[in-house]
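Every heavy atom of this structure was used, including side-chain atoms; hydrogens, water molecules and symmetry mates were not. Order of the sequence lines fixes the chain letters, A, B, ..., with proteins taken first and strands second; residue numbering starts at 1 for each chain.
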Protein chains: 2
Amino acid sequence: MARATLESVARHAAVSRQTVSNALNAPHLVHPETLTRVRAAISELNYRPHHAARTLRTRRSQLVGARIEPWRDGVNGAVLDRFLQSLTAHAQARGQRILLFTAEDDEQECSHYEDLLSGLDLDAFVLHGTHADDRRTAWLAQRRVPFVTFGRPWGSTGTHGWVDVDGAEGTRAATAHLVAAGHRRIAFLGWPEGSEVGDDRRSGWADLALAAGLEVRPGYDAGVADGLGTGRAAAAAMLDLDVPPTAIVCASDSLALGAWTELTARGLRPGADVAVIGFDDSTTAAVVGLSSVAQPLDDAAAACLRMLHDVLETDRPRGGRPDDADGPPGSGRTGPPDPVLLSPRLVVRASG
Amino acid sequence: MARATLESVARHAAVSRQTVSNALNAPHLVHPETLTRVRAAISELNYRPHHAARTLRTRRSQLVGARIEPWRDGVNGAVLDRFLQSLTAHAQARGQRILLFTAEDDEQECSHYEDLLSGLDLDAFVLHGTHADDRRTAWLAQRRVPFVTFGRPWGSTGTHGWVDVDGAEGTRAATAHLVAAGHRRIAFLGWPEGSEVGDDRRSGWADLALAAGLEVRPGYDAGVADGLGTGRAAAAAMLDLDVPPTAIVCASDSLALGAWTELTARGLRPGADVAVIGFDDSTTAAVVGLSSVAQPLDDAAAACLRMLHDVLETDRPRGGRPDDADGPPGSGRTGPPDPVLLSPRLVVRASG
DNA sequence: AAGAACGATTTGAACGCTCCAATGACCGTT
DNA sequence: AACGGTCATTGGAGCGTTCAAATCGTTCTT
């Protein structure tokens with residue numbers, strides 16, 4: 001049988017097209033009695049609005065773009081995948097959909113924005129992996145494209161909404177946990193200074209080390225490129241110190257697993273002999289029993305979409321529907337929404 | 001500045017709407033001289049066709065649906081993510097996009113198809129994780145929705161296109177590799193009989209064990225639910241046999257890593273003392289140095305989209321464009337496309 | 001030389017929806 | 001009885017595109 005349209009539903013319910021449309025989009029405008037009749041017709045004909053037609057008219061596609069990463073680091077890459085999964089689930093619950101695209105770098109990503117937007121496919125974007133002087137956010141902001149980022153603007157004069165997880169709090173919690181377990185010589189194995197996320201995570205450890213008066217010796221603060229090999233080498237150097245640390249807090253699970261590998265290679269047991277705590281709670285961490293700081297990715301995804309909703313609502317020329325209850329009327333908020341900073345959770349396993 | 005439309009481009013090039021449309025969709029219909037003029041206007045105004053408008057008219061959205069899994073098994077879950085990543089990249093190259101959705105089970109997945117299709121959002125689907133009597137493929141086939149699956153129909157009278165990786169070949173190669181290394185007592189650690197993928201992978205081992213006349217003792221063929229704990233327990237049982245195997249081929253990296261854990265716990269070195277080979281080449285396998293059978297996921301994704309293209313082309317009521325060269329004219333192929341079975345690749349690491 | 005056939009281009013209509021302005025019904029007030 | 005006002009509903013227009021048919025000029029056929 002042919003597809004049901006507004007027209008056919010209208011005929012079936014003996015009303016006009018527009019009344020059916022209203023029954024769906026603005027039920028408060030239509031008489032209760034008519035409403036039930038229209039609704040009956042809708043379900044009887046199994047009608048669903050035609051997405052493309054609606055998009056053409058309203059210029060809203062309910063599609064949100066997100067970038068899926070080209071298989072980068074094997075260990076930490078899964079963070080994005082989990083985020084995407086949550087994003088999809090929450091978007092679905094909101095009647096939106098996630099559209100994937102890939103890009104090799106920020107530059108290319110921008111040109112994809114161009115493609116995706118000029119076809120008017122997408123309402124908005126969710127970005128991740130923001131960094132200082134991010135050309136992507138600049139590009140989007142300049143064109144007034146709605147978007148939110150998972151990740152802080154990091155120093156840029158970010159005037160956009162963002163959601164992030166407090167990395168410093170994570171490493172602080174990890175360090176505090178080790179202190180509570182009796183450790184006094186706790187090292188930090190992170191990335192070279194200059195990476196925003198890395199510096200943030202380092203600061204949590206440094207803060208608590210200072211506050212708790214820990215014994216921080218030279219060589220207790222390493223900065224190497226992310227990876228298993230580099231992590232292992234850096235851990236080896238720490239263990240070879242005259243007074244080696246008894247615990248290592250790491251900026252990533254990659255580094256932590258490198259350290260973990262070095263420990264077991266030396267016959268040392270992670271946790272019992274030297275404690276190691278990673279970051280991101282990768283599956284590998286769970287497998288080998290590595291303690292790690294877990295990011296609340298599901299909450300982050302939900303927050304991103306909630307924020308995006310606000311941004312789109314504010315942006316909407318005609319204002320939202322009455323039933324949306326988007327704050328006090330006439331509030332006329334024009335600035336970016338309030339950022340959301342979530343707390344990570346320390347997952348304690350055998351290694352610390 | 002306002003968005004460019006066919007109309008504005010047409011005015012700019014002093015031709016009609018339709019000629020511009022033809023310049024884009026059927027260049028052979030338009031005079032070369034006019035063509036260059038139109039193309040100049042297009043690039044000058046930075047015109048891009050409006051996706052929704054085109055979809056409304058042509059009933060083709062260039063959108064392909066794919067399901068993203070709710071975080072299931074941690075170790076093997078990444079296979080899907082890598083597949084999705086490749087799918088996105090190849091779709092992008094074809095001018096298509098991947099739209100994500102989630103579902104808890106097959107039943108729910110079908111009702112999502114309903115939603116996604118009735119809004120005419122999607123042209124087709126790429127399914128994965130097929131099994132015998134898969135209600136999803138039945139649902140889609142019945143409604144003549146274009147789709148392909150990554151995974152065989154497994155016994156169902158599947159009349160749809162599919163792409164899969166030859167699991168038996170993978171375990172056969174793994175076993176052969178161990179035989180070449182001098183092993184004679186090679187066990188198989190897999191899932192309980194009845195799972196199609198599991199039985200397939202078991203058969204590769206069994207085939208070669210028979211052909212090479214290996215010493216297969218009772219207890220050398222285990223079937224347990226996937227997981228680290230179960231894998232570890234099953235491996236322990238094997239190692240406790242009077243005559244334990246010298247190598248274990250596993251149906252998954254989860255199981256293999258379970259075995260790997262048991263080995264190291266006993267002070268045995270994987271590879272040197274007892275060889276272990278996993279399946280799926282997870283990141284964890286790479287990290288700990290576990291040999292594993294890698295699926296050519298990128299090739300699989302490319303094959304899926306190529307096949308989908310054929311299906312959509314065949315389906316198209318009016319036939320493709322002349323420049324598409326889709327086989328001999330009048331071939332009138334109506335059946336499903338030829339399936340594609342890809343060969344996996346054994347990645348040898350320290351463990352075997 | 002008239003008609004047929006072709007190539008290049010144009011015009012009108014339609015896809016299904018929502019916006020906008022307008023209509024009629026009903027109420028209470030003058 | 002005529003007037004403004006609210007509520008419920010309606011018809012027309014238009015979003016940007018492609019399809020189908022029509023137009024016009026040119027060349028091939030008989």
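- Rounded to the nearest 0.5 angstrom, B:H50 NE2 and B:R3 CZ are separated by 5.0 Å.
- Atom-to-atom, NE2 of B:H51 to C1' of D:dT18 comes out at 14 Å; the value is rounded to the nearest Å.
- B:Q85 and B:D81 share no donor-acceptor pair across their side chains, judged by distance under 3.5 Å alone.
- No side-chain donor-acceptor contact under 3.5 Å links A:N22 to the backbone of A:V30.
- For A:E7 and C:dA14, the CD to C1' distance is 13 Å, given to the nearest whole Å.
- For the ring pair (Phe, Tyr, Trp, His ring centres under 6.0 Å) test, residues two or more places apart in sequence or in another chain that qualify with B:F83 are B:F150.
- In this pair, B:W139 and B:Y113 present their aromatic rings tilted. The plane angle is within the 30 to 60° band.
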>> Generate the contact string for nucleotides 9-16 of chain D. Rules: B means base contact, S means sugar-phosphate contact only, - means no protein heavy atom under 4.0 Å.
In response: SBBBBBBB
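- In this entry the distance linking CZ of A:R60 with C1' of C:dC19 reads 15 Å, nearest Å.
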